[in-house]
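The block underneath contains the structure these notes are about, expressed in structure tokens.
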There are 2 protein chains.
Amino acid sequence: MTTSPTDPLTLEVVELIGTVVARYYTEYEQAAAQHSLTGAQARVLGLLSLEPVPMRRIAQKLRCEPSNVTGIVDRLETRGLVERRPDPDDRRVKLAAPTPEGLETSRRLRESLDFAREPLSRLSEAERALLRDLLKRMLGENVL
Amino acid sequence: MTTSPTDPLTLEVVELIGTVVARYYTEYEQAAAQHSLTGAQARVLGLLSLEPVPMRRIAQKLRCEPSNVTGIVDRLETRGLVERRPDPDDRRVKLAAPTPEGLETSRRLRESLDFAREPLSRLSEAERALLRDLLKRMLGENVL
DNA sequence: TATTGTTATACTCTATAACTATA
DNA sequence: TATAGTTATAGAGTATAACAATA
């Protein structure tokens with residue numbers, strides 16, 4: 001049912017992407033751990049850093065069940081990094097929002113994502129632009 | 001202490017890589033689930049498909065503590081996908097090896113990594129070659 | 001003594017199902 | 001009745017520490 005290419009070149013690229021994913025993922029976890037956060041907690045905190053988000057929406061972003069978000073936000077809240085706010089428009093909804101400290105932690109976490117930038121320093125600006133365009137084409141329109 | 005580039009272009013590429021990682025990772029988990037495997041179990045099984053591997057070596061590859069591998073291999077063994085063998089050269093070592101059924105499951109799992117190939121079909125062969133070279137340069141020599 | 005694998009423990013993430021309070 | 005969030009539960013992954021067997 002598929003028409004995906006299976007030529008050696010494509011498989012080599014798939015392998016390389018797998019390597020990038022493995023490296024990026026484990027190093028993200030380590031960066032989170034340096035701030036005493038789990039990967040899931042770091043992802044949620046990063047998500048909130050733009051604007052307060054309903055619990056349900058967080059679950060959708062993380063692709064997990066809403067019941068899990070309760071615990072993750074609980075732990076962030078216990079540590080004073082996040083707070084729950086009522087939604088003026090719908091009293092069923094709770095908005096998770098970062099505290100000032102949470103915002104600061106999120107900022108430092110983003111800083112320490114240096115490991116993701118470092119490998120790119122091996123490429124010239126023109127090559128980085130090329131890589132950007134290839135990745136965008138690969139990901140298509142539905143980039144979220 | 002860092003000289004990593006922080007220009008908008010670099011940050012955009014970092015963002016794109018993050019998107020690739022998130023998509024690839026969750027879809028890998030889903031592919032594993034279709035075979036009633038967790039992500040960790042699928043990774044271990046894939047690791048063994050080339051040759052039997054000592055427990056300790058599995059932990060190094062997964063970047064986790066050796067004690068965790070015991071449980072993961074236990075569950076794979078219970079399902080008849082993996083077996084433990086003695087190492088003739090060192091009686092302390094146990095080699096984890098796939099059963100014929102485990103090998104077949106590993107093969108089908110690899111097949112279903114189709115999702116990773118599909119986005120690449122949007123690129124021409126020349127573009128895929130370009131992407132390969134950029135990724136290789138980015139990852140450097142230590143690609144494992 | 002050092003190393004390999006295991007056990008025991010505690011914490012987090014995960015899905016499922018049932019519950020509550022709103023809509 | 002439908003939806004948002006929670007609770008309760010069970011399974012899996014994780015790190016830490018202590019242990020037995022072997023080197």
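First the proteins, then the strands, lettered A, B, ... as listed; each starts at 1. Just so it is clear, the structure is predicted and the values come from calculations on it, not from any experiment.
- In terms of phosphate contacts, B:Arg56 brings a side-chain nitrogen or oxygen within less than 4.0 Å of OP1 or OP2 of C:dT4.
- Rounded to whole Å, the distance from CG on A:Leu37 to P on D:dT14 is 18 Å.
- Closest contact between the side chain of B:Cys64 and the listed nucleotides C:dA15, D:dT6, D:dT14 involves D:dT14.
- Here A:Thr70 lies in heavy-atom contact (under 4.0 Å) with a base.
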* Take B:Arg43 and B:Ile72 through the side-chain contact (heavy atoms from CB on, under 4.5 Å) test and state the conclusion after the steps. => CA-CA 10 Å; B:Arg43 279 185 284 279; B:Ile72 298 171; over 6 Å; no

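- Remark: C1' of C:dT14 and CD of B:Glu29 are 10 Å apart, rounded to the nearest angstrom.
- A:Lys94 has no side-chain polar atom (N or O) that falls below the 4.0 Å cut-off from OP1 or OP2 of C:dA21.
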* Evaluate the criterion side-chain contact (heavy atoms from CB on, under 4.5 Å) for residue pair A:Glu127 and A:Arg122; output intermediate values, then yes/no. => CA-CA 9 Å; A:Glu127 288 170 328; A:Arg122 297 174 193 166; over 6 Å; no

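- Projected onto DNA chain D by closest heavy-atom contact, B:Pro66 and B:Gly71 fall at different nucleotides, the more 5' of which corresponds to B:Gly71.
- In this structure, CG of B:Asn68 is placed 16 Å from P of C:dA10, rounded to the nearest angstrom.
- Checking D:dA12, C:dC13, C:dT6 against the side-chain heavy atoms of B:Thr38 singles out D:dA12 as nearest.
- The 5' end of DNA chain C is approached more closely, in terms of each residue's nearest nucleotide, by A:Glu65 than by the other of A:Glu65 and A:Arg92.
- For A:Gln41 (side chain) and A:Thr38 (main-chain N/O), a donor-acceptor pair under 3.5 Å exists by modelled atom type.
- In this structure, B:Arg84 reaches the sugar-phosphate backbone alone: every heavy-atom distance under 4.0 Å involves primed, P, OP1 or OP2 atoms, never a base.
- Separating the CG atom of B:Leu62 from the C1' atom of D:dA12 is a distance of 14 Å, rounded to the nearest angstrom.
- Heavy atoms of A:Arg91 sit under 4.0 angstrom from primed sugar atoms or phosphate atoms, though from no base atom.
- Going from atom CZ of B:Arg43 over to atom C1' of D:dT14 covers 13 Å, rounded to whole Å.
- Residue contacts shown for A:Asp87 are absent, as no nucleic acid heavy atom lies under 4.0 Å away.
- The CD-C1' distance, from A:Gln30 to D:dA15, rounds to 14 Å in whole Å.
- A residue-by-residue look at A:Ser67 and A:Arg75 shows that A:Arg75 has its nearest nucleotide of DNA chain C further toward the 5' end.
- One atom, CG of B:Asp90, and another, C1' of C:dT3, lie 8 Å apart when rounded to the nearest Å.
- Nearest to the side chain of B:Gln41, among C:dG5, D:dA12, D:dT6, sits D:dA12.
- Exactly one of B:Arg56, B:Arg63, B:Arg57 qualifies for a side-chain hydrogen bond (donor to acceptor under 3.5 Å, both in side chains) with B:Gln60. That residue is B:Arg57.
- Between the CD1 atom of B:Ile58 and the P atom of C:dG5 there is a distance of 9 Å, given to the nearest Å.
- With rounding to the nearest 0.5 angstrom, the OG1 atom of A:Thr19 is 11.0 Å from the NZ atom of B:Lys136.
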